[in-house]
2 protein chains.
Amino acid sequence: MSYGPGARINPRVAWGGHVAQKIKLSTIAETLGISTATVSLALRDSPLVAGTTRDKIKEQARALGYIYNRRAASLRTSRSGIIGVVVHDIMNPFYGEILKAIESELDRSRHTFILSNHYDSVEKQRTFIETLLQLGGDGVIMSPAIGTPPEDMQLAEDNGMPAILVARSMEGSALPTYRGDDSYGISLATNHLIGLGHRSIAMIGGTDQTSTGRDRYQGYVNALRKAEIEVDPGLRIPGPRSMQGGFEAAVHFLSLPQKPTAAVCWNDLVAIGLMNGIARAGLVPGSDISVTGYDDLEEASISMPALTTVWNGQAEVGRLAARALLDRLAGSHEPDGIHLIKPEMRIRQSTSPYRART
Amino acid sequence: MSYGPGARINPRVAWGGHVAQKIKLSTIAETLGISTATVSLALRDSPLVAGTTRDKIKEQARALGYIYNRRAASLRTSRSGIIGVVVHDIMNPFYGEILKAIESELDRSRHTFILSNHYDSVEKQRTFIETLLQLGGDGVIMSPAIGTPPEDMQLAEDNGMPAILVARSMEGSALPTYRGDDSYGISLATNHLIGLGHRSIAMIGGTDQTSTGRDRYQGYVNALRKAEIEVDPGLRIPGPRSMQGGFEAAVHFLSLPQKPTAAVCWNDLVAIGLMNGIARAGLVPGSDISVTGYDDLEEASISMPALTTVWNGQAEVGRLAARALLDRLAGSHEPDGIHLIKPEMRIRQSTSPYRART
DNA sequence: CTGAAAGCGCTTACAG
DNA sequence: CTGAAAGCGCTTACAG
């Protein structure tokens with residue numbers, strides 16, 4: 001935990017320039033010969049202030065180049081207009097699409113949002129939540145880091161800051177959660193491949209350390225069992241979650257003794273990387289090897305070949321989570337618990353009927 | 001300009017829970033029977049406080065679950081520890097790589113950063129800067145939106161908040177700027193293709209509305225002229241800046257009457273999209289058509305084929321810009337003006353010697 | 001090394 | 001419809 005502005009003592013340093021003189025509420029009040037109370041109310045469009053007075057005040061604020069001091073206001077009201085969002089990695093387009101949806105919801109309600117990656121570091125995640133509390137954040141949307149302890153999960157709520165989870169749920173946490181139905185979604189992809197006649201189907205990527213990872217692997221296993229296909233643990237290559245990871249996994253995948261003819265990938269990034277890796281090895285993804293993705297990122301439809309994947313409703317997740325938080329801030333209580341988005345199959349060119357591998 | 005917490009009047013609403021009683025500095029002071037001044041100094045590791053007193057105070061803060069109130073501190077010191085960053089689109093990996101570098105610099109100095117996209121909306125950009133000023137931001141790093149008027153450019157500095165530009169420079173702005181040398185960089189790519197024997201080289205994507213766009217087109221034109229190749233305006237397809245854009249431009253590119261054998265692309269995303277589009281049309285990118293990218297994103301080395309491109313130093317840009325801002329906040333004045341990162345060629349498989357198109 | 005007191009710039013009862 | 005005054009939770013001279 002750190003204190004102080006920039007954690008330094010006596011940090012008063014050179015301002016950029018002249019800054020003639022700080023304009024504040026009282027400056028407006030004085031130059032207009034009225035009270036600060038009236039100015040304050042007028043700027044916030046209170047019906048308690050006469051229309052003509054309000055207009056005069058607003059005009060003066062504009063003319064003087066007045067900058068509203070939110071820290072002062074927030075100190076008084078204990079509302080900051082700040083909402084924090086922390087996810088694994090904002091550069092991952094999966095989270096990017098969630099963030100975009102959150103951003104557009106929050107924009108509408110004039111909230112400022114503060115973003116952070118935690119890169120699955122519990123430490124970094126806690127620092128972020130503490131900073132947010134220090135800034136008087138109104139709420140937080142998080143996709144919890146692997147290994148988040150229950151007390152960190154509750155840190156926000158315990159200090160009066162509502163929290164909403166996205167994309168991942170947390171064992172034993174009662175926080176409202178919005179995510180896709182991973183088990184169902186992956187079964188769609190697996191069943192699609194089974195329907196095309198594939199029997200040796202690998203599962204590439206993901207980790208058992210997240211709810212998402214466990215659910216997807218379980219969904220894949222269940223689909224195989226249901227089709228009475230034996231589950232071979234050797235057909236699972238856990239780990240990869242990025243395009244680079246998928247690309248590197250291609251070598252391992254192609255050398256599996258079981259010679260799988262299809263791969264259910266953890267997500268679109270892994271699938272695209274895997275397809276590139278397969279192509280680099282001289283095989284043709286989509287015809288020699290069928291590949292499915294997960295998420296239906298914007299890139300999926302323009303990859304080569306176009307990726308068969310599962311729409312995971314990122315935009316929906318972001319939108320609903322933001323709405324739930326805003327509703328909560330407005331006083332209404334959304335029911336807690338997990339809200340699942342129902343995934344949908346998107347069939348494109350990266351999957352084709354079974355053909356034995358030569 | 002909007003005022004008030006969430007721009008509402010009287011927003012005191014239901015907190016999440018009980019929140020027994022707010023712990024503040026004075027709570028610690030009282031329970032320990034000392035003054036708030038001492039507590040304040042101790043928490044910030046002031047040498048004015050005795051070591052044993054400090055430890056006792058810190059322990060008590062921890063035990064009580066004290067949350068430091070930054071708004072109050074900031075109101076007093078006029079330093080917030082907040083730094084704003086606004087770019088075109090954080091989902092674009094080009095900016096993503098810049099942001100990552102900024103983040104890691106700022107993390108080290110315990111600054112909080114607030115991020116926003118402006119999507120080239122001058123309005124959205126101004127709202128962001130105003131919000132940052134309201135929050136008492138210590139500084140801002142921006143990649144200015146197309147059409148930013150000079151007064152918006154100065155808004156931050158005029159109110160005492162230092163600003164640094166990244167990736168794009170702004171006509172007539174004296175703000176310190178960090179970006180790649182676009183004109184030089186694109187000439188590397190163009191010369192590489194000329195060296196391979198190509199004579200009909202298209203330029204795909206980009207816009208004349210940014211400094212980057214103008215510089216890259218100019219660099220391409222200059223390289224052709226120097227090699228005494230006639231510049232054909234019909235070989236320019238302006239516009240695309242995304243993977244989707246590059247993908248869609250493939251049709252136009254392939255139907256050009258000049259039958260170009262190579263394409264210099266605006267960036268890696270356009271190049272990858274274009275290659276996918278070319279492959280979708282049944283041609284082989286890298287052998288039938290040579291393609292160069294720009295930026296050397298992480299994806300470039302694992303695309304199919306691996307992309308020949310120009311390293312544009314995103315991480316360097318982010319790191320240097322963050323350092324420059326921090327130095328400025330610490331009182332030292334970095335010289336203004338444009339600081340160019342020197343790009344470097346990365347030759348991979350997407351370019352090959354000239355072969356006439358059939 | 002420690003404490004009493006003022007003040008940062010707002011908002012909010014309260015009084016008129 | 002408008003004003004005088006208290007207070008949000010810190011930090012900082014200043015005094016001891």
Side-chain angles (χ1 to χ4, degrees), chain A residues 2-12 21-30 32-57 61 64 66-81 133-136 160, chain B residues 2-12 21-30 32-57 61 64 66-81 133-136 160:
Chain A
S2 95
Y3 307 91
R8 270 171 271 175
I9 302 286
N10 190 15
R12 195 170 294 273
Q21 184 226 337
K22 206 77 183 174
I23 308 293
K24 37 192 174 174
L25 259 188
S26 62
T27 317
I28 301 176
E30 280 163 26
L32 250 36
I34 55 181
S35 77
T36 58
T38 304
V39 175
S40 172
L41 292 168
L43 290 178
R44 284 171 298 137
D45 291 316
S46 164
L48 295 176
V49 178
T52 53
T53 314
R54 174 172 29 79
D55 294 347
K56 206 171 53 187
I57 289 171
L64 293 175
Y66 170 65
I67 303 276
Y68 176 72
N69 188 326
R70 281 210 204 196
R71 290 112 83 203
S74 162
L75 185 57
R76 190 56 228 268
T77 63
S78 64
R79 272 210 147 215
S80 64
L133 286 168
Q134 296 182 351
L135 291 171
Chain B
S2 96
Y3 306 91
R8 271 171 268 174
I9 301 285
N10 190 17
R12 196 171 293 273
Q21 183 225 335
K22 204 78 182 174
I23 307 294
K24 38 192 172 173
L25 259 188
S26 62
T27 318
I28 302 177
E30 279 163 26
L32 250 35
I34 54 181
S35 78
T36 59
T38 303
V39 175
S40 172
L41 291 168
L43 290 177
R44 285 171 297 137
D45 290 318
S46 164
L48 296 177
V49 178
T52 53
T53 314
R54 172 171 31 77
D55 294 346
K56 206 171 53 187
I57 290 171
L64 294 174
Y66 170 64
I67 302 275
Y68 176 72
N69 188 326
R70 282 210 204 195
R71 290 113 80 205
S74 162
L75 185 56
R76 189 55 229 267
T77 63
S78 64
R79 274 210 145 215
S80 64
L133 286 168
Q134 295 181 351
L135 290 171

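Within every chain, numbering begins at 1; the chains are lettered A, B, ... in the order of the sequence lines, protein sequences first and strands thereafter. Below, each value reflects all heavy atoms present in this structure, side chains not excepted, and no hydrogens, waters or symmetry copies.
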Any side-chain N or O of A:Thr36 below 4.0 angstrom from OP1/OP2 of C:dC10? no
Look at the side chain of A:Ala50 and decide which nucleotide, out of D:dT11, D:dC1, C:dG9, has an atom nearest to it. D:dC1
Give every pair of a protein N or O atom and an N or O atom of nucleotides 14-16 of chain D that lie under 3.5 Å apart, one pair per line with the distance.
none

Report yes if a side-chain nitrogen or oxygen of A:Thr77 is closer than 4.0 Å to either non-bridging phosphate oxygen (OP1 or OP2) of C:dT11; otherwise report no. no
So if I take every side-chain heavy atom of B:Leu25 and compare against D:dT12, D:dT11, C:dC10, which nucleotide ends up nearest? D:dT11
Between C:dG9, D:dG9, D:dT11, spot the one nearest the side chain of B:Ala73, thanks. D:dT11
Would you confirm whether A:Arg76, through its side chain, and A:Ala72, through its main-chain N or O, come within 3.5 Å as a donor-acceptor pair? no
Under 3.5 Å donor-acceptor, B:Thr77 side chain and B:Ala73 backbone: yes
Are the side chain of A:Ser80 and the backbone of A:Gly136 linked by a donor-acceptor contact shorter than 3.5 Å? yes
Would one find a side-chain N or O of A:Tyr66 under 4.0 angstrom from OP1 or OP2 of C:dC10? yes
Taking all non-hydrogen atoms of both residues, which atom of B:Val49 and which atom of B:Leu41 are closest, and how far apart? CG2-CB, 3.6 Å
For the atom pair CD1 (A:Ile23) and CG (A:Leu64), what is the distance rounded to the nearest 0.5 Å? 5.0 Å
Roughly how many Å is it from CG in A:Leu48 to P in D:dG3, rounded to a whole number? 13 Å
In whole angstrom, give the distance that lies between atom CG of A:Leu133 and atom P of D:dG9. 15 Å
How do B:Gly33 and B:Leu75 order along DNA chain C: which one's closest nucleotide is nearer the 5' end? B:Gly33
So, is A:Ser35 near the phosphate of D:dT2, with a side-chain N or O under 4.0 Å from OP1 or OP2? no
Taking the side chain from B:Thr38 and the backbone from B:Ile34, do they hold a donor-acceptor pair closer than 3.5 Å? no
What's the CG-P distance between B:Leu41 and D:dT12, to the nearest Å? 8 Å
Checking contacts here: which listed nucleotide (C:dT12, C:dC10, C:dA6) is nearest the side-chain heavy atoms of B:Arg76? C:dA6
Report yes if a side-chain nitrogen or oxygen of A:Thr38 is closer than 4.0 Å to either non-bridging phosphate oxygen (OP1 or OP2) of D:dT2; otherwise report no. no
Could you tell me the separation between the CZ atom of A:Arg79 and the C1' atom of D:dG9, rounded to a whole number of Å? 20 Å
Candidate nucleotides C:dA4, D:dG9, C:dG9, ranked by approach to the side chain of A:Lys24 - the nearest: C:dG9
Between atom CG in B:Leu43 and atom C1' in D:dC10, what is the gap in whole Å? 11 Å
With a cut-off of less than 4.0 Å, is there a side-chain N or O of A:Tyr68 near OP1 or OP2 of C:dT11? yes
From CG of A:Asp45 over to P of C:dT11, roughly how many Å is that when rounded to an integer? 12 Å
In this structure, how many angstroms lie between the P atom of D:dT11 and the CD1 atom of B:Ile28, rounded? 11 Å
Looking at every heavy atom in both B:Arg71 and A:Ser74, which two are closest together, and how far apart are they? NE-OG, 2.6 Å
B:Leu32 side chain reached by B:Val39 side chain, heavy atoms, under 4.5 Å: no
Nearest of D:dC10, C:dT12, D:dT2 to any side-chain atom of A:Thr53? D:dT2
If I take atom CD in residue B:Gln134 and atom C1' in nucleotide C:dC8, what distance separates them, rounded to the nearest angstrom? 17 Å
Going from OG on B:Ser26 to CD on B:Glu30, what distance comes out if it is rounded to the nearest 0.5 angstrom? 5.0 Å
Could you run through DNA chain C and flag its stems, i.e. three or more consecutive Watson-Crick or G-U pairs with both distances under 3.5 Å? C:1-3 with D:14-16, C:5-12 with D:5-12, C:14-16 with D:1-3
Could you go through A:Asn69 and B:Leu75, starting from their C-alpha distance and side-chain angles, then the distance that decides it, and tell me whether this counts as side-chain contact (heavy atoms from CB on, under 4.5 Å)? CA-CA 9 Å; A:Asn69 188 326; B:Leu75 185 56; 3.9 Å; yes
Considering only C:dC10, D:dC10, C:dT11, which nucleotide approaches the side chain of B:Ala72 most closely? D:dC10
Within less than 4.0 Å of OP1 or OP2 of D:dT11, is there a side-chain N or O belonging to B:Arg44? yes
Out of C:dG9, D:dG3, D:dG9, whichever nucleotide has its closest atom nearest the side chain of A:Lys22: C:dG9
In the structure I gave you, are the side-chain heavy atoms of A:Tyr66 and A:Thr27 within less than 4.5 Å of one another anywhere? no
